[in-house]
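Down below is the structure, laid out as structure tokens.
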Amino acid sequence: MTNLKTIDKIKNSLYPILTFLILLIIWQLVVVVKDIPQYILPAPSDIIGVFYNDYLNLYTNAVTTLNEAIIGFIVAIIIALTMGILMDFIPIFKKCVYPIMVVSQTIPTIAIAPLLIIWFGFDKLPKVIMVTMTCFFPILISFVDGIDNIDKDYLNLFKTMNSSKTSIFIHLKFPMAMDKFFSGLKISATYAVVAATVAEWLGGTNGLGVYMVRAKSSYALDKVFASTILVIIFSLVFVGVIQFIKKIALRHNK
């Protein structure tokens, strides 16, 4: 039975991979047959060539973007957990702050980034702040939702044992909220690298966003595609890491 499940998983993985490869072949043939200029649509072979010919620039800029994304993501987790805990222990704090957090998410990211550049300069700090602002809300709302939706019977059981609010949180609320907390982490993980890249578009000296802007300005669309692929890969890796940590952290729930 286990072998059959493994075979089915492999087959299910092969379908999208084969479809993607077929699309790449069609893309390559269309560009070659139609003789489409590279500055309009580069062929997949041109994009692959960028990774070989310009790998040093890609590596340097990718490290900068990853650094900003990781730091901002970690800070977002810390802030979200801290605010979630405060909202649980201090109900008035939740009533005051939570609506403001919701409204803040309606502000377009593209409008905030230039202000951060003006206030904090062109270094790493505004990019990290941008990533933090983008990532912390999905984590916060998932964590708070997980705490608020715990079965009342469990809460009543702890109360009948005269458990303190701190004890209830540590032994019941926090563990039970972890599943939704990790769901929020996975959502935010997809935003982290993208947020850092967008911030770099609007002002910076290095990073994948700066690399993209410079490549676009010189009509080197193969480099634009290459850097975009890196952003996608990094985002998928972030999600994969979160999923792996979730399996380890919540293995006792199975």
Side-chain angles (χ1 to χ4, degrees), residues 1-70 72-73 109-110 131 134-135 138 182-201 207-248:
M1 182 65 70
T2 304
N3 291 334
L4 289 175
K5 288 183 178 179
T6 304
I7 293 172
D8 287 338
K9 286 182 179 179
I10 294 173
K11 285 182 178 179
N12 290 334
S13 299
L14 284 175
Y15 290 131
I17 292 173
L18 289 174
T19 302
F20 180 68
L21 290 175
I22 291 171
L23 290 174
L24 284 180
I25 293 170
I26 294 172
W27 180 359
Q28 178 74 30
L29 290 174
V30 168
V31 172
V32 173
V33 172
K34 296 291 186 179
D35 195 23
I36 300 175
Q38 190 182 91
Y39 63 85
I40 293 179
L41 180 64
S45 57
D46 297 325
I47 298 169
I48 294 171
V50 173
F51 288 101
Y52 178 77
N53 298 319
D54 203 29
Y55 72 92
L56 187 58
N57 276 331
L58 281 172
Y59 172 78
T60 303
N61 288 289
V63 168
T64 300
T65 301
L66 273 178
N67 194 16
E68 295 162 354
I70 292 171
F73 188 58
T109 302
I110 201 73
V131 174
T134 304
C135 293
F182 276 103
S183 297
L185 284 182
K186 285 196 289 185
I187 294 171
S188 292
T190 62
Y191 298 154
V193 182
V194 175
T197 305
V198 170
E200 290 166 352
W201 282 350
L208 288 177
V210 176
Y211 183 90
M212 285 183 190
V213 171
R214 291 172 179 170
K216 183 191 69 173
S217 299
S218 59
Y219 294 95
L221 291 193
D222 51 344
K223 293 182 178 180
V224 175
F225 274 90
S227 51
T228 302
I229 290 170
L230 282 180
V231 171
I232 294 170
I233 291 173
F234 292 150
S235 297
L236 292 175
V237 170
F238 269 41
V239 174
V241 170
I242 296 300
Q243 183 64 27
F244 177 73
I245 295 173
K246 178 183 177 181
K247 286 183 179 179
I248 295 175

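No hydrogens, no waters, no symmetry mates; every other heavy atom, side chains included, goes into these values.
- Of the possible polar contacts, none joining the T64 side chain to the G207 backbone as a donor-acceptor pair under 3.5 Å is found.
- Side-chain contact between W201 and V198 is present, with at least one heavy-atom pair separated by less than 4.5 Å.
- Taking both residues in full, the closest heavy atoms of T190 and V194 are given as O-CG2, 3.7 Å, listed atom of the first, atom of the second, then distance.
- Taking CE of M212 as the start and CD of E200 as the end, the distance is 9.0 Å to the nearest 0.5 Å.
- The shortest non-hydrogen separation linking S188 to C135 is OG-O, 2.6 Å.
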Quiz: residues 40-54 side-chain donor-acceptor pairs under 3.5 angstrom, not counting sequence neighbours:
from	atom 1	to	atom 2	distance (Å)
S45	OG	Q28	OE1	3.3
S45	OG	Q28	NE2	3.2
D46	OD2	A43	N	3.2
N53	ND2	G49	O	3.1
D54	OD1	N57	ND2	3.0
D54	OD2	Y211	OH	2.5

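- When all heavy atoms of V224 and T228 are compared, the closest pair comes out as O-OG1, 2.7 Å.
- The minimum heavy-atom distance between V193 and S235, with the atom names listed, is CB-OG, 3.9 Å.
- Annotation: the span from L58 atom CG to L208 atom CG amounts to 7.0 Å, rounded to 0.5 Å.
- When I232, V231, L230, L236 are each tested for a side chain to side chain contact (heavy atoms under 4.5 Å, CB included) with F234, only one passes: L230.
- Note that CZ of F182 is 14.0 Å distant from CD1 of I187, once rounded to the nearest 0.5 Å.
- Once rounded to the nearest 0.5 Å, the distance linking CD of E68 with OG1 of T197 reads 8.5 Å.
- Here the CG atom belonging to L29 is positioned 11.0 Å from the CG atom belonging to L24, to the nearest 0.5 angstrom.
- Ring geometry for F238 versus F73: interplanar angle of 30 to 60°, hence tilted.
- Note: F20 CZ to I22 CD1 = 12.0 Å, rounded to the nearest 0.5 Å.
- At a threshold of 4.5 Å between non-hydrogen side-chain atoms, the residues W27 and L23 do not count as touching.
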